Asks: 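There's a structure below that I have some questions on.
Just so you know, these numbers use all the heavy atoms, side chains as well, and skip hydrogens, waters and symmetry mates. All figures in this text were calculated on a predicted structure; none of them were measured in a lab. Chain letters run A, B, ... following the sequence lines, proteins first and then strands; every chain starts at 1.
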Amino acid sequence: MATFPTLHDAVADAVHDGDTVALEGFTHLIPFAAGHEVIRQGRRDLTLIRMTPDLLYDQMIGMGCARRLVFSWGGNPGVGSLRRFRDAVEHGWPHELHLEEHAHAAMASAWEAGAAGLPMALLRAYQGTSLPDVNNRIGSVTCPFTGEELTAVPALRPDVGIVHAQRADRDGNVLVEGIIGVQKEVVLASRRSIVTVEEIVDDLAAPSLNSCVIPGWTIDAIVATPNGAHPSYAHGYYDRDNAFYMAWDEIASDRERFLAWMDDHVMAVSA
Amino acid sequence: MATFPTLHDAVADAVHDGDTVALEGFTHLIPFAAGHEVIRQGRRDLTLIRMTPDLLYDQMIGMGCARRLVFSWGGNPGVGSLRRFRDAVEHGWPHELHLEEHAHAAMASAWEAGAAGLPMALLRAYQGTSLPDVNNRIGSVTCPFTGEELTAVPALRPDVGIVHAQRADRDGNVLVEGIIGVQKEVVLASRRSIVTVEEIVDDLAAPSLNSCVIPGWTIDAIVATPNGAHPSYAHGYYDRDNAFYMAWDEIASDRERFLAWMDDHVMAVSA
Amino acid sequence: MSGEGGADRPTGDAAGEWTPGEWTAGEMMTIAASRALDPDDVCFVGIGAPSAACNLARLTRAPHLTLIYESGTLAARPDVLPLSIGDGELAETAVATVSVPEMFRYWLQGGHVDVGFLGAAQLDRFGNINTTVIGDWDDPKVRLPGSGGASEIASQCGRVFVTIAHSPRALVDAVDFTTSLGFGPTGTERTAAGITTKGPVLVVTDLCTLRPDPDTHELVVDALHPGVTREEVVAATGWDVAFADDRGGELARTAAPTERELEVLRHLHARTEQAHAGG
Amino acid sequence: MSGEGGADRPTGDAAGEWTPGEWTAGEMMTIAASRALDPDDVCFVGIGAPSAACNLARLTRAPHLTLIYESGTLAARPDVLPLSIGDGELAETAVATVSVPEMFRYWLQGGHVDVGFLGAAQLDRFGNINTTVIGDWDDPKVRLPGSGGASEIASQCGRVFVTIAHSPRALVDAVDFTTSLGFGPTGTERTAAGITTKGPVLVVTDLCTLRPDPDTHELVVDALHPGVTREEVVAATGWDVAFADDRGGELARTAAPTERELEVLRHLHARTEQAHAGG
């Protein structure tokens, strides 16, 4: 049953050194505020999971939170590189980062399988590619009816799942609207979950009977965190800050410039 | 790309003797009008697929359309038996009916797998039950990561999928709202598809960005068929005719009474 | 999952006509079942008596009870009992309605349901349930509806409650077909298969309640409903049924329905009958 | 899937300033790619030049073109080019937006997409694509973003179009890493693996278009863009590239951009730059 702690307490309760943590949001609803709180609390040796690491994981990697990254596309969308991610992979700064690399199809199915309580996802993928050569977590099973060899990847079942969403009601039911990505899957697949929301309201006002709602009983902590997805966005609340995504390329291009920016904009801020 | 034929032509084009046909709708949006047209066109030797055969398949079985039934719950919901289904299974009237029997979990996953283009569905099911003893289409695979034995069932990929929905726009995009069941999966998994709708409108007016919409390019034929789900229902248009579901128990209890009712209410009606 | 039958309804169909202190055996069954639910439970609801019991609990002592129907409706709060698991009322009152594949994959198999509430045509001494066939599957005496969601409700919900009208043909020594696993043919197979959910921890009939022996998993009568004798239960049970006091425990007496329980249940049934009679 | 770079934009950034009859090589690439789409195609769109080409086609000769972005937006009709595949504009203009697991399972793997439109960091003579790493994966010279949706777009769309700026470091003899399968290392592996989709049937660069030889699957230049010479293409290609007329076919000349194509493309870019500059 959902509780309503502060962001500090929610993160302190859920996220510990060495945990496997997913902060998801497919371009939309990326939980930047919660990720910044993880950075402020100085967490180390995390295994970070995200399909698209995006600027948030660029920041967390650059600040030394991550020991391992499970991902499927590591760029700055529409801009180019994630420079802190590249610096970690290419030069081991601030320390070595182990990669478990997938493609989107497998990672999306692995989230589905995690939400479905299965140990593995089944799909058709990776045929003729080099990814199975560098990822020993890509296996196969044979269909007992057709004999076809299909791809198997382990389900994603992190210790902690953190997502942002538009709003929650006072029973903790959460509405996700627009590009819903894997937000529901992350909450259902994770042992502990935090959902940050733009606002907590009396009436969820889901527009459809079939809206994407994550019921309160599946969530551990809900935190009202206005603007909590910026520079990503919350559909209906504010737009994606594309100018910031473009500006990040230069901020992140230099280690000192990056650290100074993080000091001013993340470390000096309280939750 | 969706076309807009008459119900007669849509059914005549898509459904042939011996086909595997699914007319789905989980209690809601059952395509009765389309099923009645299949009966009127005198189709024979069909393999009928439905999670819950319901009154529609009771009628189709009683009228001799079906040679084989793939299903997971064969009752009159809240009332009791499907008496024509029972007569076929218990006494071979009007002729023998072969059963491929599942539980809902496996059949729901088999629809998911069919829509996902996979040959099989993977799930955890049937443990300790007698169903695998009577259904040789229940198999298993071993998870390469955990060693767990998981259940495998063949994906559902019928020749023809028929569903009812609330409305379509003039590009053939279809809105399904309320209890959406497996309506989308059936259309995506079937080689040929027919969607009957309450109305065809200029603006689909989907209430949410994430409403259940089946895009027109995945559908072969759309037919405006007002009241086409009765005595099932179309959420927002008319309610389930629960009184008729209760009355059916007596109509279907006697072969002659059943045939007389079908003559009057189905055979004598034109599409 | 077929209808709960007439036993659960008072003979007079207007909600105002009953006499306090009188109730039917079916009402007692529904009320006793409703009391077993914890207020915070998330409950997967079968149709018939399970639905009445769950909604009675929600309307009395457990307002935050979360009801899930296999049609995909999450946290439904129907005002009348649905005739089918897919009545529109369920979607209208739910927090959300999801697809049926999602319901079975994410919600049931995903482990998000505490209690599964099932009916049964046959129930055996180890809590195994048959809703598929009387006689042979290949040559049935009576063809029943089959599993629906029940097979996986029985294995994947945290615990299972069963309601069944007591008769020797219903409570049998061994089921003709295991649609839904209880503790297995000898009471040991559930654990041996590595299934970690608790299985049928409670059976509520119109005569008594039964719970599994912690060691053998055999169902043992632990409480008689008001006015019911041991002999009636023995006569109505298809195996040599044991009572809790045979095993060193206490044989309890079910508390009689309260006025409030009867009133809410009868109003619920009256609203339901009016709604389904058609307008 | 990284940005399309500056080459696709006119030097003046106001849409009214270009001179008819002049265009950049990047514009020619985008326009040539847009012409390859059939009006009824369902197209899975990568970001950058693919998105510009697809939207240009939609705004000119193929108004019913269906665009799918991997963020789950079905039949999006953006007014400006999205910076990311998940901009809000895509969901707002789509027929519907589905979850990412549904997008990859039902829509791509389910076989409902005709054309996959990909960019590439490296492309080899058999149409294999690398967007993962330059150098060794374990010890990279340049770490690129990786696959995203591309691996399965390449194998599961009916056919694949690739856009790439021509240079010897981009069009290479063999890719350092196969992110997305073309016809395989020797041109035979795609068919041998039993993959029934057609693979990379068209590559559009800023100098020319290439198509696979029907027998060997080697990419062969079949048309030069206006003003481009064979020698320029040879110099910019990392393998000993063949031309259609070497193989008994005809080496065509790409039609110059029309005024309408240039106008629509430049207006699209101008709107896009204004939108992403922030307000």
Asks: Can you find a pair of side-chain heavy atoms, one from B:Leu131 and one from C:Phe177, that are under 4.5 Å apart?
Replies: yes
Asks: Please name the pair of heavy atoms, one in B:Glu101 and one in C:Ser147, separated by the smallest distance, quoted to 0.1 Å.
Replies: OE2-N, 4.4 Å
Asks: Is C:Glu92 in contact with chain B via its backbone, its side chain, both, or neither, using a 4.5 Å heavy-atom distance?
Replies: both
Asks: Among B:Gln127, B:His104, B:Glu90, single out the residue with the greatest number of heavy-atom pairs under 4.5 Å to chain C.
Replies: B:His104
Asks: OG1 of B:Thr151 to CD of C:Gln109: how many Å apart, nearest 0.5 Å?
Replies: 8.5 Å
Asks: Checking B:Ser130 side chain against C:Thr178 main chain: does a donor-acceptor pair fall under 3.5 Å?
Replies: yes
Asks: Given heavy-atom pairs under 4.5 angstrom as the criterion, report whether the side chain, backbone, both or neither of B:Leu29 touches chain C.
Replies: neither
Asks: Given a strict heavy-atom distance threshold of 4.5 Å, which part of C:Val175 is in contact with chain B: side chain, backbone, both, or neither?
Replies: neither
Asks: Based on non-hydrogen pairs under 4.5 Å, which of C:Thr97, C:Asp87, C:Asp139, C:Thr179 is most in contact with chain B?
Replies: C:Asp87
Asks: Return the CZ to CG distance between C:Arg143 and B:Leu97, rounded to the nearest 0.5 Å.
Replies: 10.0 Å
Asks: Which heavy-atom pair separates B:Gly75 from C:Pro145 by the least distance, and what is that distance?
Replies: N-CB, 3.7 Å
Asks: Heavy-atom cut-off 4.5 Å, strictly under: side chain, backbone, both or neither for C:Ile195 against chain B?
Replies: side chain
Asks: Shortest non-hydrogen contact from B:His235 to C:Gly88?
Replies: CE1-O, 3.4 Å
Asks: Determine, stepwise, if the pair C:Leu83 / B:Val79 fulfils side chain to side chain contact (heavy atoms under 4.5 Å, CB included).
Replies: CA-CA 8 Å; C:Leu83 184 68; B:Val79 178; 4.3 Å; yes
Asks: Taking side chain as everything from C-beta outward and backbone as N, CA, C, O, which of these in C:Thr73 sits under 4.5 Å from a heavy atom of chain B? Side chain, backbone, both or neither.
Replies: side chain
Asks: State, to 0.1 Å, how close B:Ile179 and C:Gly86 come at their nearest heavy-atom pair, and which atoms those are.
Replies: CD1-O, 3.2 Å
Asks: Rounded to the nearest 0.5 Å, what separation is found between the OH atom of B:Tyr126 and the OG atom of C:Ser155?
Replies: 11.0 Å
Asks: How long is the straight-line distance from CG of C:Leu144 back to CZ of B:Arg86, given to the nearest 0.5 Å?
Replies: 7.0 Å
Asks: Between B:Arg240 and chain C, which part of the residue has a heavy atom less than 4.5 Å away: side chain, backbone, both or neither?
Replies: side chain
Asks: What residues of residues 107-116 of chain B sit under 4.5 Å from chain C when only non-hydrogen atoms are counted?
Replies: B:Ala108, B:Ser109, B:Glu112
Asks: Among B:His28, B:Glu185, B:Gln183, B:Glu177, single out the residue with the greatest number of heavy-atom pairs under 4.5 Å to chain C.
Replies: B:Glu185
Asks: Less than 4.5 Å apart, side chain to side chain, heavy atoms only: is that true for C:Pro101 and B:Val182?
Replies: yes
Asks: Which of the residues B:Ser72, B:Pro53, B:Cys212 is involved in the greatest number of heavy-atom pairs with chain C at under 4.5 angstrom?
Replies: B:Ser72
Asks: Answer yes or no: is there a side-chain heavy-atom contact under 4.5 Å between C:Ser71 and B:Thr27?
Replies: no
Asks: Please tell me if the side chains of B:Leu99 and C:Trp137 come closer than 4.5 Å, counting only heavy atoms from C-beta onward.
Replies: yes
Asks: Compare every heavy atom of B:Met246 with every heavy atom of C:Ala277, then report the nearest pair and how far apart it is.
Replies: N-CE, 4.4 Å
Asks: What part of B:Tyr233 is in contact with chain C, defined as an atom under 4.5 angstrom from a non-hydrogen atom: side chain, backbone, both or neither?
Replies: side chain
Asks: Can you tell me how far OG1 of B:Thr52 sits from CD of C:Glu70, rounded to the nearest 0.5 angstrom?
Replies: 9.0 Å
Asks: B:Phe71 versus chain C, heavy atoms under 4.5 Å apart: side chain, backbone, both or neither?
Replies: side chain
Asks: Distance-only, no hydrogens or angles: does the C:Glu189 side chain make a donor-acceptor pair with backbone N or O of B:Gly128 under 3.5 Å?
Replies: no
Asks: Could you state the interatomic distance from CD1 (C:Ile85) to CH2 (B:Trp73), rounded to the nearest 0.5 Å?
Replies: 7.5 Å
